[in-house]
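What follows is one structure encoded as structure tokens, with my remarks underneath.
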Amino acid sequence: MDWRHWFDRWEAMQSAYLPQRQHRFDLMFRLPDFPCDADVRILDLGCGPGSVTFCALRYYPNARVIAVDADPVLLAMGKGLSADGGADIRSADSADFLTSSSVSSVQSVDFILGDLRDGGWWADYDGAFDLVVSATALHWLTEAHLAQVYRRVYRALKPGGWFFNADHIAADDPAMQARYRELLHAWQRVNFDAGAEDWDGFWRGFEAALAQDDIPAQREAVTYWEGSDDGLPRQFHLDTLRACGFADVVVHWQDLGEALVGARKRSAD
């Protein structure tokens, strides 16, 4: 399997849906104050095939990353790409590369099959991470489950650790949210009219390439979706993170219904 080919197709497809996708990733690693050569411990929630994880290793080549997702097929892509050595891993819209000197860093990724709602695997990671990140994944959760994940993130961070969530964020006003959605869909249609691959097209091709009859069944068995494509309102994220004990809760970037929300665990905790 040419994992790099399918990773690049995934990145291109995702970028057709999400404006300034790479900019969000870059901010998650530029905003913290870690030295670039630091031995940083990172948790990637809803990691998919490793888009954010591999971006992390460009910024912190000595990092150790735990990458968690409930989708076994996307995890297989991430594991396959790591097993291939990870040379020249890049996003579809970034000029940054992982060179062959970074191969050892790619081997410092553990891809874990796990449901973010399941407290079992979280228990092993209390106080373990300097940085927890997530991109376009947590909107899959209900309010109650997202609040629970935020509390678990707080416990998983070391004192002074950072958390960033790049995701859909809804407007408080339904009429404004409808306008957000309309503008986003118009932007996406331009990409698809120009030939960008859509979600269904990617999966048809990928499943055919894997040539495994049970691949669709594996994905259908993942009962994860319960949230909203619009995401939860901005104020919900801010209030819930503060209620968990986070300090420095900030919306660092927003473009209509897309945002990067950050928070930091107090050093004294």
- Query: In terms of side-chain geometry, is the basic nitrogen of Lys158 or Asp130 positioned less than 4.0 Å from the acidic oxygen of its partner?
  - Reply: yes
- side chain to side chain contact (heavy atoms under 4.5 Å, CB included) assessment of Leu232 paired with Ile169: CA-CA 5 Å; Leu232 292 167; Ile169 191 165; over 6 Å; no
- Message: Set out, in order, the CA-CA distance, both residues' side-chain angles and the distance that settles side chain to side chain contact (heavy atoms under 4.5 Å, CB included) for Phe163 and Leu131, then state yes or no.
- Response: CA-CA 6 Å; Phe163 171 55; Leu131 176 62; over 6 Å; no
- Could you pull out all residues at least two apart from Glu182 that satisfy side chain to side chain donor-acceptor pair (under 3.5 Å)? Arg179
- Query: Would you call the rings of Phe164 and Trp162 parallel, tilted or perpendicular if under 30° counts as parallel and over 60° as perpendicular?
  - Reply: parallel
- Would you call Val153 and Trp122 a side-chain contact if the rule is heavy atoms closer than 4.5 Å? yes
- Query: Hey, is the main chain of Ala170 close enough, under 3.5 Å, to the side chain of Asp230 for a donor-acceptor pair?
  - Reply: no
- Member of Gln22, Arg21, Gln14 meeting the side chain to side chain contact (heavy atoms under 4.5 Å, CB included) criterion with Ser51: Arg21
- Backbone N/O of Ala16 and side chain of Trp187: donor-acceptor pair under 3.5 Å: no
- Query: Glu197: what forms a side-chain contact (heavy atoms from CB on, under 4.5 Å) with it, not counting sequence neighbours?
  - Reply: Arg9, Phe202
Table please: side-chain donor-acceptor pairs of residues 247-255 below 3.5 Å, with sequence neighbours left out.
from: Gln254; atom 1: OE1; to: Arg234; atom 2: NH1; distance (Å): 2.6
from: Gln254; atom 1: NE2; to: Leu256; atom 2: O; distance (Å): 2.9
from: Asp255; atom 1: OD2; to: Gln20; atom 2: NE2; distance (Å): 3.4

- Query: Any ion pair linking Arg181 and Asp229 (charged N to carboxylate O, less than 4.0 Å)?
  - Reply: no
- Query: Can the positive tip of Lys265 be found less than 6.0 Å from the middle of the six-membered ring of Tyr154, inside 45° of the ring normal?
  - Reply: yes
- Message: Please determine whether a side-chain nitrogen of the Lys or Arg among Asp8 and Arg4 lies less than 4.0 Å from a carboxylate oxygen of the Asp or Glu.
- Response: yes
